[in-house]
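Note: hydrogens, waters and symmetry copies are ignored here, and every other heavy atom, side chains too, is used. Chain identifiers are assigned alphabetically (A, B, ...) following the order of the sequence lines, protein sequences preceding nucleic acid strands; residue numbering begins at 1 within each chain.
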Amino acid sequence: MALSGGADRGSHSMDKSITLPPDEIFRNLENAKRFAIDIGGSLTKLAYYSTVQHKVAKVRSFDHKAKETDGDPLYEISVQEEITARLHFIKFENAYIETCLDFIKDHLVNTETKVIKATGGGAHKFKDLIEKKLKLKVDKEDEMTCLIKGCNFVLKNIPHEAFVYARHADSEFRFQNTHPDIFPYLLINIGSGVSIVKVESEDKFERIGGSSIGGGTFWGLGALLTKTKRFDELLQLASKGQHTNVDMLVKDIYGGAYGSLGLTGDLIASSFGKSATTDKEFSKEDMAKSLLHMISNDIGQLACLYAKLHNLTRVYFGGFFIRGHPVTMHTITYSINFFTKGEVQALFLRHEGYLGAIGAFLKGAEEDNPNQYSWGENYAGSSGLMSVSPELNPVQRARSGTFDMLEMDRLERQLVNLPLLQDPTSYIPDTVDLTEDALSRDYWLFCFEDALDGVVKRAVASQKDQPEAVERAEKFRQKYRHKLQTLRHQPFAYGSLTVRSLLDTREHCLNEFNFPDPYSKIKQKENDMALKYYLKVVKSVEELSWEQRQFTLVKGLLAGNVFDWGAKAVSDVLESDPDFGFEQAKQQLQGMKTFKLSHNNDKILNHKLFLTDK
Amino acid sequence: MKLKCSKKPAFPWFGMDIGGTLVKLVYFEPKDITAEEEQEEVENLKSIRRYLTSNTAYGKTGVRDVHLELRNLTICGRTGNLHFIRFPTAGMHRFIQMGRDKHFSSLHTTLCATGGGAYKFENDFRTMADLELLKLDELDCLIQGLLYIDSVGFNGHPECYYFENPSDTQNCIKRSCCLDNLFPMLLVNIGSGVSVLAVYSKDNYKRVTGTSLGGGTFLGLCCLLTGCETFEEALEMASKGDSTNVDKLVKDIYGGDYQRFGLQGSAVASSFGHMMSKEKRDSISKEDLARATLVTITNNIGSIARMCAVNEKIERVVFVGNFLRINTVSTKLLAYAMDFWSKGQLRALFLEHEGYFGAVGAFLELLKSSEDA
């Protein structure tokens, strides 16, 4: 259902019409509840909780005593409907707010919600509009509280949420592991102005300082100096400028470095210092760059002074000023590094734009007790980092217009660290980091792309009785291919890129189109075959010496893992030789293993051996 | 503060501080010249003295701050007046040429210079005017100069002053004070850029930090935004403007105070924050822009100074530098900021000779040096 606004909305000069494709942006609205909205100076973030119905393949009965010779499968699989709780967050420009509200109202069917939590500077301004359109009462929440709640939530629940930015390193984004204990930390929120908040616990936080020189200053001064109206355009100009033409550097005063103080010649002594003494005109790019440095350095300096006073080493930056823009992140990182002499690292958040909306949502959802659950990012429905950065992703930008999404699914069980881990914070289960290792990344992206046809076929085959399966499978193909393309250009879009995350992404996409397990039939067949040998294998292992047994168990475990990933090869083998035995499988795979994956497996081996030793 | 003069150096006695934007010159005019001495005096020395003391303006941009002149100063056994002269660093080459034209090199005096320009222009002095500079560290000179001037006083008055009732615009008065119990003090030098020093004693100090948002930024941005050309013009405009038209205040965002965090509605939330809107951009005046620039830079310096004072556990904050020259808007704002944010714990102090301490320090070094010239 296409929407166009405009005709009857003469009163709102800001309103822009847009066609909203159904099922793509505001999804699962039928059962939506617990609305929250965060309206900033230029961007609105809408949040709601909804449920998604999708199929899950479950094992029904399993009787391993019987029938070694029978052709019947050892267990049954049934496909059931399951309901997953999902949080939706959508980001869009304020100009589209009316159209979006109309769309939501039209699609909201089963809701009993009466209230919408609102935060942000614009909540005040748009209150009446929201109440009129959605027929919900606007309940305003304190901005800072929402921000902190949101920050705590993402730090605890989303893996690789925080990252360090290193412009010239091989991997620009170095994602941090989720720390079980995130407190205390310093949050520097750079919106129009700057707020510096010390967070000591879930409920204890304090605004310890701030600065009036923030994003608004950059935008305002930038607009005055360069006549550029849009924030993103200013950033683009800045990325191309040379600030040294505009700023007075130490070397301009000293003719070189100020050695005795350790001030290098390239340091900025006075921002815009050359503007007073030269007659020539400066380029827009140079001025924008100077401005960016000036503001980033100033904020960084202040942040360091506060961090020092309060003895804090974890400093997170958020707010629209950053927007995941590389030049900005670089200047701030540099500033923090400079003023703390490398002791503190600037940390950024993948979902910094959503913190307020998440917090407002959590305030409204307190009775559902969201913090007692674990939540996982749904890669299928989430846009990923920097999807609206124009220079970096023209493809995605064109597709979804100016919308950015985040979806989080509630997990069945709460995720906890394995109790046997010596140091949970430093444990990385993935042996290859594809965000860093470009060669491996190319290899694996190609693998998954190449395998896509097969997966699509299997998906269709697993639901032969359903007519629209072909259509859905095609949609899945498009979606997953698009994700792979995104990851090719922006490996950091969803945090650390690993084989595991590629698999998860595929699974999310499959689930999206109701293919809970395209391999269920194959797995059933394989399991059947394997289970036939189960008792025999157990007996033979029992006959080994203790040490031999440990090694055999581990090797078997590994072989089983590899077995799983080489599904295509295995199914080929099974198809060609029905009497394929476990022994043969082990030997064949050992060969494969040594050839391609031995280097990785050594690491896995070490991890797992370490665990069993405990 | 007594100077140990091992020997009296030859006249003329100069101290020079070559900064990023301004060159500060201190010149001692001896008033106790005996007839004999006058007879022997070299012609060019005489002409230099006459040129400097009979003019208050030099060329188009050189200025002698007569109101800062220290009269009847006795130093190293000589009595005379200490003059304070400044000109833009952009005119440095012309100055060196003048030195060549007046055969300065024939006078067996040492030219003591500090500031970055002492290093940057060292070669030019040598090649253009055959003059050798004695280069001195700018922070050393700053501190020594400051301590000396404070010790001799300002023609019988104290050098140091502060503002009483800084928060009260009607009753804010300038009061002089003595800098006894000087140490420790946080010294904030606002020139083109800013240096923040923690000074524990005459010889013990450290540079805590600095910021690039200084006087040069104020002047540079003002020139770009308003088309003005000099510091005086910029300040003139700023004195007439209203920065609240340009800055976004807390009340513009929250409709009043942001009580939860103790932020008054009148506090600036975002400098130049209103300038995101085209309408607002078209409606403000140049004066408003100049004022906003001044206020933004000043408040930022105040903020950093305060944080440093807290981190270093120092209660006395002294502001110097030519940014504060004829700039009561900034001095009052700094006084207010220190007082307000520290709830009265910190006090902002100012000195009459603002940006000349570096040059004075260099001048003192001339008298202390025991070179065999």
Side-chain angles (χ1 to χ4, degrees), chain A residues 41-42 121 124 142 144-145 191-193 195 206-207 209-225 229 231 246-248 250-256 258 260-261 263 267-277 282 287 293-294 297-298 301-302 305-306 308-309 339, chain B residues 18-21 88-90 115-117 119-123 137 139 191-193 207 209-217 219-225 229 231 246-248 253-255 260-261 263 267-276 278 281 289 296 299-300 303-304 307-308 310-311:
Chain A
S42 57
H124 176 69
D142 173 62
M144 202 62 62
T145 312
S192 305
S195 280
E206 197 196 331
R207 184 185 186 275
S211 167
S212 67
I213 298 182
T217 315
F218 178 69
W219 197 342
L221 265 179
L224 286 167
L225 291 170
K229 293 183 214 108
F231 191 85
V246 180
D247 293 334
M248 190 186 284
V250 169
K251 69 182 175 205
D252 292 320
I253 305 180
Y254 274 81
Y258 186 170
S260 55
L261 279 184
L263 297 176
L267 285 176
I268 304 173
S270 177
S271 294
F272 286 89
K274 287 201 173 97
S275 322
T277 48
F282 297 109
M287 287 196 287
H293 275 295
M294 183 177 106
N297 280 337
D298 190 55
Q301 181 171 36
L302 224 46
L305 287 169
Y306 279 98
K308 180 173 177 191
L309 185 62
F339 286 109
Chain B
I18 312 174
T21 310
T89 310
Y119 295 81
K120 183 174 175 187
F121 293 104
E122 187 181 16
N123 248 354
D137 176 68
L139 300 180
S192 310
R207 185 180 185 274
T209 188
T211 173
S212 67
L213 281 83
T217 313
L219 189 54
L221 276 178
C222 244
C223 291
L224 287 172
L225 293 171
E229 286 178 355
F231 185 66
V246 179
D247 295 335
K248 199 177 259 187
I253 302 183
Y254 291 95
R260 173 102 199 264
F261 294 112
L263 290 173
V268 181
S270 174
S271 296
F272 290 89
H274 277 318
M275 301 291 95
M276 304 189 244
K278 182 167 190 340
R281 283 202 294 276
L289 285 175
T296 303
N299 276 333
N300 191 54
S303 201
I304 292 172
M307 283 309 292
C308 286
V310 174
N311 267 331

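- A/A223 approaches B/R281 most closely through the heavy-atom pair CB-NH1, 3.2 Å.
- A/Y254 approaches B/Y119 most closely through the heavy-atom pair O-CB, 3.4 Å.
- Nearest heavy-atom pair, B/G193 versus A/S270, reported as atom, atom and distance to 0.1 Å: N-CB, 4.1 Å.
- Distance check, rounded to the nearest 0.5 Å: CD of A/Q301 to SG of B/C308 gives 7.0 Å.
- Every residue meeting the salt bridge (Lys or Arg N to Asp or Glu O under 4.0 Å) condition with A/D252, not counting sequence neighbours, appears here in chain and number order: A/K274.
- Between A/L305 and B/N311, the shortest heavy-atom distance links the atoms O-ND2, 3.1 Å.
- For the atom pair CZ of A/F339 and OG1 of B/T211, the computed distance is 6.5 Å after rounding to the nearest 0.5 Å.
- Proximity to chain A (any heavy atom under 4.5 Å) is shown, for B/A90, by neither the backbone nor the side chain.
- In this structure, CE on A/M248 lies 7.5 Å from OG1 on B/T89, to the nearest 0.5 angstrom.
- For a residue to count as touching a neighbouring chain, one of its non-hydrogen atoms must lie under 4.5 Å from one of that chain's; by this rule A/F218 does not touch chain B.
- A/F272 CZ to B/L213 CG: the interatomic distance, rounded to the nearest 0.5 Å, is 9.5 Å.
- In plain terms, the two heavy atoms of A/G193 and B/S270 that are nearest each other are N-CB, 4.1 Å.
- Contact record, A/I253 with B/G19: CG2-C, 4.2 Å, taken as the closest heavy-atom pair.
- Heavy atoms closer than 4.5 Å to chain B are found nowhere in A/L267, neither backbone nor side chain.
- Remark: side-chain polar atoms of A/S275 are not paired, donor with acceptor, to backbone N or O of B/L221 under 3.5 angstrom.
- The candidate from A/D142, A/N297, A/L302 with the greatest count of non-hydrogen atom pairs under 4.5 Å with chain B is A/D142.
- Within the 4.5 angstrom heavy-atom criterion, only side-chain atoms of B/L263, from C-beta onward, approach chain A.
- With a 4.5 Å cut-off on non-hydrogen atoms, A/M144 touches chain B through its backbone and its side chain both.
- Side chain of A/T217 to backbone of B/S271: a donor-acceptor contact under 3.5 angstrom is found.
- Contacts of A/L261 with chain B are made by side-chain atoms alone, with heavy-atom separations under 4.5 Å and no backbone atom involved.
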